[in-house]
Amino acid sequence: MLLHLLLGILNLTAPAPRCLTQYGQTACGFQCLAAHGEVACAATPDGICDSGGGTVTCWDPPESVRSFYRDRVPRPECRTRAGKTACGYRCQAKDNDVACASTPDGVCGVSYDGITCWDPPVWAWCSERRMQRASCVTLDHQTACGYQCLARSGQVGCASTPAGSCTTEHGNIVCVDPPAPPLCLTYPCVDEAIARPWCGR
C-alpha cells in the first residue's frame with residue numbers, strides 16, 4: 001500500500017510528456033527538439049536531446065540510474081566531434097571520436113589509442129548509498145577503468161565495485177570483487193519502500 005501511494009505521488013509531480021510537430025513530423029515525449037528537418041523527443045523526463053552533428057540525437061539514462069537516483073537524476077550531456085554525437089555522462093572527445101559513460105558513476109579515459117568508457121555493474125547500487133568515483137589507468141596502450149586500479153609489469157586491471165581490490169600475484173594483476181548481494185540475485189532490491197526490479201539482470 002505504501003509503495004502504491006509513493007508511486008502515485010511521484011506520478012503527480014512528474015513532468016508530463018508533450019508533442020512537437022514540425023517539418024510535417026510529430027514526436028512526443030520529453031525535451032523535444034526540432035532541427036535539421038528532424039523532430040525527436042527523449043522517452044523519459046531525465047533524457048536529453050541535442051542537435052549537433054547535423055542530426056537530432058535523443059538519449060535517456062538507463063532504468064537502473066533513474067531508479068537509483070529517483071527525482072535527482074544527474075543531467076546527462078551530449079558532445080559532438082566530427083559529425084558524431086554521443087550522449088551520457090563524463091563524455092570525452094579525442095581526434096574524430098567521442099564517447100560517454102552510460103551512468104553518472106561511470107568514467108571515460110582517453111589514451112593514445114582512443115576512448116575507453118566504463119560503468120559499474122547494476123547490482124553495485126543495491127548496496128551502495130553513494131558510489132565512489134571510478135578512475136582509469138593506461139599503460140602500454142592498454143586502458144582499464146573501475147576501482148582500485150593497478151598498472152604494473154605491462155598490465156592494467158581494475159575492480160568492478162568499490163569494495164573490490166586488485167593485487168599482484170606471480171607477476172599478474174588479479175582483481176577480485178565481492179559477490180552480488182543475495183537480495184539482488186533472488187528478489188527485487190527494496191530501499192525505503194521503492195522496489196528496484198532491475199537488480200539481478
Side-chain angles (χ1 to χ4, degrees), residues 20-66 68-69 72-122 124-125 131-162 164 166 173 175 198 201:
L20 177 64
T21 299
Q22 200 161 329
Y23 310 121
Q25 308 169 48
T26 298
C28 298
F30 302 88
Q31 322 299 338
C32 298
L33 184 63
H36 312 299
E38 300 176 349
V39 181
C41 303
T44 69
D46 303 306
I48 188 173
C49 290
D50 184 85
S51 60
T55 188
V56 177
T57 301
C58 293
W59 183 88
D60 292 277
E63 178 188 353
S64 55
V65 171
R66 291 184 286 108
F68 179 73
Y69 284 96
R72 296 186 298 276
V73 177
R75 181 77 173 159
E77 63 172 316
C78 292
R79 191 174 297 189
T80 300
R81 179 66 65 92
K84 176 185 176 182
T85 299
C87 301
Y89 299 95
R90 318 287 182 199
C91 300
Q92 295 284 354
K94 174 180 171 57
D95 299 329
N96 293 330
D97 194 18
V98 62
C100 305
S102 296
T103 70
D105 303 296
V107 65
C108 290
V110 179
S111 67
Y112 177 83
D113 295 313
I115 305 171
T116 299
C117 291
W118 176 91
D119 292 281
V122 171
W125 284 309
M131 294 288 284
Q132 300 175 28
R133 178 67 62 86
S135 63
C136 295
V137 61
T138 299
L139 179 66
D140 297 336
H141 303 288
Q142 302 177 75
T143 299
C145 301
Y147 303 96
Q148 319 301 333
C149 299
L150 286 182
R152 292 178 184 170
S153 304
Q155 302 177 52
V156 294
C158 301
S160 297
T161 63
C166 292
I173 294 178
C175 296
W198 41 265
R201 291 182 183 176

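Side-chain atoms are counted along with the backbone in the values below, which use heavy atoms only and exclude waters and symmetry mates.
Between Cys166 and Cys149, the sulfur-to-sulfur (SG-SG) separation does not fall under 2.5 Å. Under the 2.5 Å cut-off for SG-SG separation, Cys32 and Cys41 qualify: their sulfur atoms lie closer than that. Distance check for Cys145 and Cys136: the SG atoms are under the 2.5 Å cut-off.
Between Ser160 and Pro121, some side-chain heavy-atom pair lies under the 4.5 Å cut-off. At a threshold of 4.5 Å between non-hydrogen side-chain atoms, the residues Lys84 and Asp97 count as touching. Considering only heavy atoms from C-beta on, Tyr112 comes within 4.5 Å of His141 through its side chain. Residues Cys158 and Val137 meet the side-chain proximity criterion, which asks for heavy atoms closer than 4.5 Å. Side-chain contact between Val156 and Thr143 is absent, with no heavy-atom pair separated by less than 4.5 Å. With a 4.5 Å cut-off on side-chain heavy atoms, Ile48 and Gln31 do not count as touching.
Atom OG of Ser51 and atom CD of Glu38 lie 10.0 Å apart (nearest 0.5 Å). Rounded to the nearest 0.5 Å, atoms OG1 (Thr85) and CH2 (Trp59) are 14.0 Å apart. Rounding to the nearest 0.5 Å gives a distance of 9.0 Å between OH of Tyr147 and OG of Ser135. Here CG of Leu33 is found 9.0 Å from CD of Gln22. Values are rounded to the nearest 0.5 Å. The structure places OG1 of Thr57 at 15.0 Å from CZ of Arg79, a figure rounded to the nearest 0.5 Å. Here the CZ-OG1 distance, from Phe30 to Thr44, works out to 7.0 Å after rounding to the nearest 0.5 Å.
Side chain of Gln92 to backbone of Gly109: no donor-acceptor contact under 3.5 angstrom is found. Of the possible polar contacts, none joining the Arg90 side chain to the Cys100 backbone as a donor-acceptor pair under 3.5 Å is found.
The two atoms that bring Ala42 and Cys49 nearest to each other are N-SG, 3.5 Å, heavy atoms only. Here the closest non-hydrogen pair linking Cys91 and Ala86 is SG-O, 4.4 Å. Of all non-hydrogen atoms in Asp60 and Ala43, the two that sit nearest each other are OD2-N, 2.9 Å. When all heavy atoms of Leu139 and Arg152 are compared, the pair lying nearest together is CD2-N, 3.9 Å. When all heavy atoms of Ile173 and Cys175 are compared, the closest pair comes out as CG2-SG, 4.0 Å. Listed here is the closest heavy atom pair of Pro62 and Ser102: CD-O, 3.1 Å.
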Working for side-chain contact (heavy atoms from CB on, under 4.5 Å), residues Tyr69 and Asp105: CA-CA 11 Å; Tyr69 284 96; Asp105 303 296; 2.9 Å; yes
Residues Val65, Val73; criterion side-chain contact (heavy atoms from CB on, under 4.5 Å); working and verdict: CA-CA 7 Å; Val65 171; Val73 177; 4.1 Å; yes
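Applying the 6.0 Å contact sphere to CZ of Arg75 captures more than 12 heavy atoms from other residues, nucleotides or ligands.
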